[in-house]
Each structure stands twice: as structure tokens, then as C-alpha cells.
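The block underneath contains the structure these notes are about, expressed in C-alpha cells.
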Amino acid sequence: MSEVPSRLTFRLSYGDCDALGIAYFAMFYPWMERTYSGWLYGRGIHSADLIGEFGVYTVGMRSACRYLMQCQVFDELTCQAVLDHVGTTSYTVGFDFLRGDDLVAHGEIVFAVRTPDGAKAPIPGGILDALRSLPPSTLAES
């Protein structure tokens, strides 16, 4: 399989920032979702079809974002999906936000795997393979 992009690059606009031109904290979350869903789609995994493909679905159980440096309007950022943690019935996808080589924020979303009736389920092999293709977070390096 050819390499699937696990990152999106974008330029902050005024709509992403507060009145002082500083990035609004909540603007990171849509980029995390866009990066994750685009990466899954590129690997041929469609969130809406998980039950049909794997017999399970995933639920976002928790999210967080740690802000390390201030970002301002017109900064160019890259959101890189990274592997933070894999358990047996849940996994954490991290999101390194980079401005050039600088890590400016690190987000994460914890996903739980569930059967159609809502019971815990093991992470399917196809999803595990995809997760293991992600690079490790640079958060530990900063």
C-alpha cells in the first residue's frame, strides 16, 4: 500500500483567532478530526461503515489538547496524527501541531471500540494495522 498522508497543513486565519490575533484554543479540535478522518479514509477505512466492515464501531470517549506555544493569525501549522497508546478495547490517537520544527500543541482523542449493542470489543486487526502505521508522538522529545 502506498503511503497514506497522516498530516494536514493549514494557515491560521482571523476566524481561528481571538480579537488579539491569538489562536483560539477550540480551533485545534476540528483539525484533529479532519486529520484523523482523512487519514482513515486514505487507508480505506470509513467511520460510517465500521460495523459493516469490522462488526464494531468506535466512540470518542475523551479528548484533550495541551498548548505549548502561542500561535497567531497567518501562522502555518501542520497537524500530524501520531500513535499515543493502544490498549485492547481502546486506543489514543495523538495530534502533534507543528509550526515548522516547533511543537506548538499536542491533542489527543481516546476511542473506545464497541459492538453494535454497546459492549466492549477488541480492536479489529485492520484498525490495529492502521494505527501501527502512525509515527510516534514528538511530545516526548520536546
Would Ile109 end up clustered with Tyr29 when hydrophobic side chains under 4.5 Å apart are linked, directly or stepwise? yes
Interatomic distance, SG@Cys65 vs CE@Met27, rounded to 0.5 Å, equals 8.0 Å
- Message: Is the shortest side-chain heavy-atom distance between His46 and Leu40 below 4.5 Å?
- Response: no
Rounding to 0.5 Å, atoms OH (Tyr57) and OG (Ser47) come to a distance of 13.5 Å
Could you tell me whether the side chain of Pro124 reaches within less than 4.5 Å of the side chain of Val113, counting heavy atoms only?
yes
OG1 of Thr89 to NZ of Lys120, rounded to nearest 0.5 Å, is 5.0 Å
TODO: Under the side-chain contact (heavy atoms from CB on, under 4.5 Å) rule, what do Trp39 and Arg7 come out as? Steps first, then yes or no, please.
DONE: CA-CA 8 Å; Trp39 168 75; Arg7 65 177 55 212; over 6 Å; no
Notebook entry, point to check: Same hydrophobic cluster for Val82 and Leu131, using side-chain heavy-atom links shorter than 4.5 Å among ILVMFWY?
Noted result: no
Nearest heavy-atom approach of Gly126 to Ile45 is O-CD1, 4.0 Å
Minimum side-chain heavy-atom gap Val104-Leu77 below 4.5 Å:
yes
Notebook entry, point to check: Can you tell me if Ser90 uses its side chain to pair, donor with acceptor, with the backbone of Gly87 under 3.5 Å?
Noted result: no
Self-check item: Main-chain N/O of Gly52 paired with Asp49 side-chain donor or acceptor, under 3.5 Å
Solution: no
Q: Using the side-chain contact (heavy atoms from CB on, under 4.5 Å) rule, take Leu128 and Val86 through it: C-alpha gap first, then chi angles, then the decisive distance, then the call.
A: CA-CA 8 Å; Leu128 274 174; Val86 175; 3.5 Å; yes
Considering only heavy atoms from C-beta outward, does the side chain of Thr58 approach that of Leu50 to under 4.5 Å? yes
### Query
Going by distance alone, is a donor N or O of one side chain under 3.5 Å from an acceptor N or O of the other, for Ser6 and Gln80?
yes
Nearest heavy-atom contact between Cys79 and Thr35 is SG-OG1, 3.3 Å
Self-check item: Worked check of side-chain contact (heavy atoms from CB on, under 4.5 Å) between Cys17 and Ile22
Solution: CA-CA 5 Å; Cys17 299; Ile22 299 170; 5.8 Å; no
Output for pair (Leu68 CG, His106 NE2), nearest 0.5 Å, gives 9.0 Å
- request: Give me the ring orientation class for Tyr91 and Tyr36: parallel if the planes are under 30° apart, tilted from 30 to 60°, perpendicular past 60°.
  value: tilted
| Are Arg66 and Glu108 ion-paired here, with the side-chain N under 4.0 Å from a carboxylate O? | no
Heavy atoms of Leu103 and Asp96 approach each other most closely as CD1-CB, 3.6 Å
In terms of heavy-atom contacts, Ala121 and Val56 come closest through CB-CG1, 3.7 Å
Are Val110 and Leu83 connected, step by step, through hydrophobic side chains (Ile, Leu, Val, Met, Phe, Trp, Tyr) whose heavy atoms are closer than 4.5 Å? no
Within one Ile-Leu-Val-Met-Phe-Trp-Tyr cluster: Leu12 and Phe25, side-chain cutoff 4.5 Å: yes
Fill in: Cluster link Val93 to Leu8, ILVMFWY, side chain under 4.5 Å
yes
Just checking Tyr67 against Phe28, ring centres under 6.0 Å apart? yes
Could you check whether Trp31 and Phe95 have their ring centres less than 6.0 Å apart? no
All heavy atoms of Cys71 vs all of Arg99, minimum pair found to be CA-NH1, 3.7 Å
Note: Met61 and Ala112 closest approach over all heavy atoms is CG-CB, 3.3 Å
Q.
Is it true that, when you exclude Asp117 itself, more than 12 heavy atoms of the residues, nucleotides or ligands shown sit nearer than 6.0 Å to its CG?
A. yes
Given the side-chain rings of Tyr24 and Tyr14, with only the six-membered ring counted for Trp, is the space between their centroids under 6.0 Å? no
